[in-house]
Amino acid sequence: VTPAGAVLLAGLALLAVQVGRLAGRWRRGGPASVEWGKGLAGLPRAYLQVVHEVVARDPASARMHALAAGGLLGALALSLPVQILGLWPRLLAFPIVLLAVLGLVGSAIARRRRTGPQPDGHRLSAGRYARLPLALAATVLFLPAAALLAAAGDRAGLLWLPVTALGAAGMLWLAWQGHGGPMRHALAGAAHLAAHPRPLRTRGLRDTALAPLPLDDESSPLGAGTPRDFAWNRLLSFDACVQCGRCEAVCPAFAAGQPLNPKALVNDLVRSIGPGVAVPYEGDPHPGLPVAGLADVSHLPLVAAPGGEAVIQAETLWSCTTCRACVEECPMLIEHVDAVVDLRRHATLELGAVPARVAEALTELRDSDTQSGRALSERSNWAIGRDLREIGSTGEAEVLLWQGEAAYQPHGQRVLLQLLALMQAAKVDVAVLGAEERDCGELSRRAGDEAGFQRLARENVAALAKYRFGRIVTADPHAFHMLSREYPAFGGTYLVEHHSQFLDRLLAEGRLPQPAGDTPAGRVAWHDPCYLGRYGGEIAAPRRLLDRLGVARVEMARYGFQAMCCGGGGGAPLSDVPGRRRIPDLRMEQAQESGAEVVAVGCPNCMAMLDGVPGRRPEVLDIAELVANRCGVTA
Ligand code: SF4
Ligand code: SF4
């Protein structure tokens, strides 16, 4: 073992100690079942492919990361046999020097990104995060110097002294940053990818359904009121945050100046795990709220009853639209929305601390099975005189039309009428559940009322089980998500299509009149609903459908999986937390900047939010209305 080898062993041992100390924090969480074998075996792919795919959306960031992490890890891996086993010192000296140079370049870029002008759209934390590249540089510099001395053999002499001192300083610095500091991200990040709460995500797959709460298990917490209520691998995931600010840059609530910054939210959760870890946070606060200091907050509840002190303020918790834009952009695959829902479950089920209008809607859902308190028997009133039968009359149908809460609203009724007319023009055998259709429970679940949701889901599954149908079609992406992805956990597995997918297929099969009209005229931009795109993975069908119609399609600056939310999800229109701007106004500005004269939507919430934007702006039409117009089908 050379002197450098001793330093490397000591440094690695110190980092292992830091991992052990971090693991002590994570052990404060509840149990989680983790398939370690699969997780560890999949780690290289998760890191090199899935994480890289997210990082590479900013090519400069990808270059920096590949150079800094690749250079350091490569030089380190080659240095171990040289310095510890005395193997191949001359052979490996040049590759070590080369890798170290790459690592140094990466460290320099990382330092500049953290201290210089922020890259477009990024909100990287500086402070201690900007000092991490210096510790990396000291360590990387030590490795080639030590390699050259090892290659020189006995001629190295006293030169080992400064080189060893440099290595010791660099590794000490790195290890020191491994607990409260930013190196925590690297140590926790690897463990997080191996033990991810949603392992499918580390294979690049979309996994968006919320996990059911075991309500019958009295030992299971109802949501998260303290860090102990999160599973241990959730606590681990918070520690993996590198404070890159990508989540902050895409959060619609933050953009609107509401008191929610997902980066600060994750840091709040990191701080709550304490005690004894002074976790630095140098980024933007939640808008309008004070910057998180270094004070130990681990004695506080995560959320509080009204008037109580808590780590996370109620306005922050209820600003979230659950749009998953933050999750989509997080290079560490952190699940912000799962955390928000767990906190809301505690606020709703344990504390009853729910914004007034959300509480009213939850009460209506419990009492009447609808959000607006209307009778279930009135749900199909929009179709009176339209020859729409209830499935109970024959017991079967080719298509079951899921009406949703929109059936009670003028906008939604207009869309349902057009959709029904298109189905009838295509000679689709369509029926509805009628008074047996209850709310799908999406609002209950996102607002934390898991008990209310589970009851609605079970009753809907029982109603659906009585009938035979080919597929469910719905114009509501929230219902689409619940029926296709969250009902299987309650025994309901169905073929579910969003109406944009369904109409696209009907047109492709020639079952609708060929599009020939030219209304609406002008450019059309598709606004991706979060629960169809990011949740459901469907961004192609609506665009294909618009192209079949022959409209002049344009894209907004944010589209597809990166689309901006309209502000209508997660109960946000009901909690209505004030900000500087309104989210739908921001989205409409993006539509105007794209040159669109029409914004095509496929969601009743998007319709309500965007059509409520005042002033001169593009017209808002549902995609079914566009199809009906172009195909000459009238309701
Ligand atoms: S889900 Fe959407 S609104 Fe909620 S924190 Fe993430 S980006 Fe912000
Ligand atoms: S949560 Fe993810 S996206 Fe947000 S700052 Fe942390 S690492 Fe970056």
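Predicted, not measured: the structure shown is a model, and the values here were computed from it. Order of appearance sets the numbers: ligands from 1, and atoms from 1 within every ligand.
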Does R324 have a non-hydrogen atom less than 4.0 Å from ligand 1? yes

Any side-chain donor-acceptor pair under 3.5 Å between T322 and Y531? yes

For H185, state whether at least one heavy atom is located under 4.0 Å from any atom of ligand 2. no

NZ/NE/NH1/NH2 to OD/OE distance under 4.0 Å, R534 and E328: no

Give the contacting part of L265 toward ligand 1: side chain, backbone, both or neither, where contact means a heavy-atom distance below 4.0 Å. neither

Please assess V250 against R558 for the test side-chain contact (heavy atoms from CB on, under 4.5 Å), listing each intermediate value before the final yes or no. CA-CA 9 Å; V250 296; R558 284 180 57 184; 3.8 Å; yes

Ligand 2 contacted by P331 (non-hydrogen, < 4.0 Å): yes

Closer than 4.0 angstrom, basic N to acidic O: yes or no for R446 and E486? yes

What atoms of ligand 1 come closer than 4.0 angstrom to any heavy atom of C326? 1 (S), 5 (S), 6 (Fe), 7 (S)

D576 with R582: basic N within carboxylate O range, under 4.0 Å: no

Give the numbers and elements of all ligand 2 atoms closer than 4.0 Å to a heavy atom of V242. 6 (Fe), 7 (S)

Proximal candidate to atom 4 (Fe) of ligand 1 [heavy atom criterion; set C320, G569, C323]: C320

T321: numbered ligand 1 atoms lying under 4.0 Å from its heavy atoms: 2 (Fe), 3 (S), 4 (Fe)

For C247, take its heavy atoms, then give the atoms of ligand 2 lying under 4.0 Å from any of them. 1 (S), 3 (S), 4 (Fe), 5 (S)

Electrostatic pair D342:R234 at N-O distance under 4.0 angstrom: no

So, C330 and atom 6 (Fe) of ligand 2: N/O/S under 2.8 Å, yes or no? no

Give the numbers and elements of all ligand 2 atoms closer than 4.0 Å to a heavy atom of Q243. 5 (S), 6 (Fe)

Enumerate the atoms of ligand 2 whose separation from the nearest heavy atom of C241 is less than 4.0 angstrom. 1 (S), 5 (S), 6 (Fe), 7 (S)

Ligand 1 versus T322: contacting region, heavy-atom distance under 4.0 Å: backbone

Which atoms of ligand 1 have any heavy atom of V337 under 4.0 Å away? 1 (S)

Looking at side-chain heavy atoms only, is the closest gap between V50 and R201 below 4.5 Å? no

R113 bridged to D58 by N-O distance under 4.0 Å: yes

Honestly, is R206 close enough over F561, meaning NZ or CZ under 6.0 Å from the six-membered ring centre and within 45° of the axis? yes

Look at atom 8 (Fe) of ligand 2 and say which protein heavy atom is nearest, naming residue and atom and giving the distance to 0.1 Å. C244 SG, 2.3 Å

